Amino acid sequence: MNASELIDELIENTHDWRKETLQDIRRVILEADPEAVEEWKWRGAPVWSHNGIVCLAVPFKDKVKMTFNDGASLLDPDKLFNNELQGNKWRAIDFYKDDKVKEAELKKLVLAAVALNLSKVKPTAKRAKKAQ
């Protein structure tokens with residue numbers, strides 16, 4: 001099975017409000033960045049990447065945790081991050097029962113994470129030569 005199929009299976013086998021939350025998160029990520037690559041890492045974590053990890057989303061017993069790999073470097077004007085706020089790298093959003101995914105705000109955060117990843121891309125020697 002490829003990563004997208006594994007994510008499909010995880011969502012399908014998640015029974016209760018967490019299933020809808022995972023579906024919403026996935027849809028928002030892929031709408032925000034249609035070029036995102038779905039990956040399956042760390043023995044069961046759905047990961048979305050674009051020139052590096054953008055974010056991951058994992059269902060837990062009482063929540064769905066969405067973690068942004070370089071979240072500490074992102075502006076969060078909508079105050080979506082509510083966990084892992086003290087670290088130097090990660091930031092997370094914990095979704096609990098009855099929490100709604102704020103789609104427009106989450107799309108902005110995903111796009112900011114993609115932009116950050118793209119800003120880290122070093123030009124190849126060929127591109128650098130053309131720029132001269």
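Just so it is clear, the model here is predicted, and its values are computed rather than measured. When a residue number appears, it is its place in the shown sequence, counting from 1. We use all heavy atoms of the structure for the numbers below, so side chains are in, but hydrogens, waters and symmetry mates are not.
A donor-acceptor pair is defined here as one N or O able to donate and one able to accept, closer than 3.5 Å; no such pair exists between the side chain of Arg18 and the backbone of Lys63. A donor-acceptor pair under 3.5 Å links the side-chain atoms of Asn2 to the main chain of Ser4, judged by distance alone. Panel note: side chain Asp99, backbone Tyr96; a donor-acceptor pair is recorded below 3.5 Å.
Pairing each heavy atom of Val64 with each of Trp17, the nearest pair is N-CH2, 4.1 Å. Here the closest heavy-atom approach between residue Asn117 and residue Asn51 is recorded as CB-O, 3.6 Å. For the pair Glu31 and Lys107, the tightest heavy-atom approach, listed with the atom from each and the gap, is OE1-NZ, 2.8 Å. Across all their heavy atoms, Leu74 and Phe81 have their closest contact at CD1-CZ, 4.4 Å. Of all heavy-atom pairs between Leu56 and Val47, the closest is CB-CG2, 3.9 Å. Nearest heavy atom pair, residue Leu75 against residue Leu109, reads O-CD1, 3.6 Å.
Ile25 is listed as a side-chain neighbour of Phe95, based on a closest heavy-atom distance under 4.5 Å. The shortest side-chain heavy-atom distance between Glu105 and Lys79 does not fall under the 4.5 Å cut-off. Contact check for His50 versus Val37: no side-chain heavy atoms found under the 4.5 Å cut-off. Side-chain contact check for Val110 versus Phe68: some heavy-atom pair is nearer than 4.5 Å. Inter-residue side-chain proximity for Arg26 and Asp8 is flagged as met; some heavy-atom pair is nearer than 4.5 Å. Side-chain contact between Glu84 and Arg91 is absent, with no heavy atoms from C-beta onward closer than 4.5 Å.
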Does Leu106 form a side-chain contact (heavy atoms from CB on, under 4.5 Å) with Val101? I'd like the steps, not just the answer. CA-CA 8 Å; Leu106 188 55; Val101 175; 3.7 Å; yes
What verdict does the salt bridge (charged side-chain N to carboxylate O under 4.0 Å, His left out) test give for Lys89 and Asp70, after you've listed the backbone C-alpha separation in whole Å, the side-chain angles of each residue and the deciding distance to 0.1 Å? CA-CA 5 Å; Lys89 186 158 177 67; Asp70 286 313; 2.6 Å; yes
As a quick check of understanding, evaluate salt bridge (charged side-chain N to carboxylate O under 4.0 Å, His left out) for Asp78 and Lys102, giving each step before the final call. CA-CA 10 Å; Asp78 299 305; Lys102 296 178 180 177; over 6 Å; no
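Heavy-atom neighbours of Glu103 CD from other residues, nucleotides or ligands within 6.0 Å: above the threshold of 12. Atom NZ of Lys120 has more than 12 heavy atoms from other residues, nucleotides or ligands within 6.0 Å.
Once rounded to the nearest 0.5 Å, the distance linking CD of Glu35 with OG of Ser49 reads 13.0 Å. Atom CH2 of residue Trp90 and atom OG of residue Ser73 lie 12.5 Å apart, to the nearest 0.5 angstrom. Going from atom NZ of Lys65 over to atom CG of Asn82 covers 7.5 Å, rounded to the nearest 0.5 Å. Here the OG1 atom belonging to Thr21 is positioned 9.0 Å from the CD atom belonging to Gln23, to the nearest 0.5 angstrom.
In the hydrophobic clustering of this structure, Trp40 groups with Ile29; members are Ile, Leu, Val, Met, Phe, Trp, Tyr whose side-chain heavy atoms approach within less than 4.5 Å, directly or through other members. Put simply, Phe60 and Met66 are part of two different groups of oily side chains (I, L, V, M, F, W, Y) that touch within less than 4.5 Å, one to the next. Transitive grouping of hydrophobic side chains (ILVMFWY, heavy atoms separated by less than 4.5 Å) brings Val54 and Leu30 into a common cluster. One hydrophobic cluster, built from ILVMFWY side chains closer than 4.5 Å, holds both Leu116 and Leu85.
A donor and an acceptor atom, one from each side chain of Glu39 and Trp48, are nowhere located under 3.5 Å apart. At a cut-off of 3.5 Å, with distance as the only test, a side-chain donor of Asn83 or Asp94 sits close to an acceptor on the other residue.
No option in Leu6, Asn13, Thr14 other than Thr14 meets the side-chain contact (heavy atoms from CB on, under 4.5 Å) test with Leu10.
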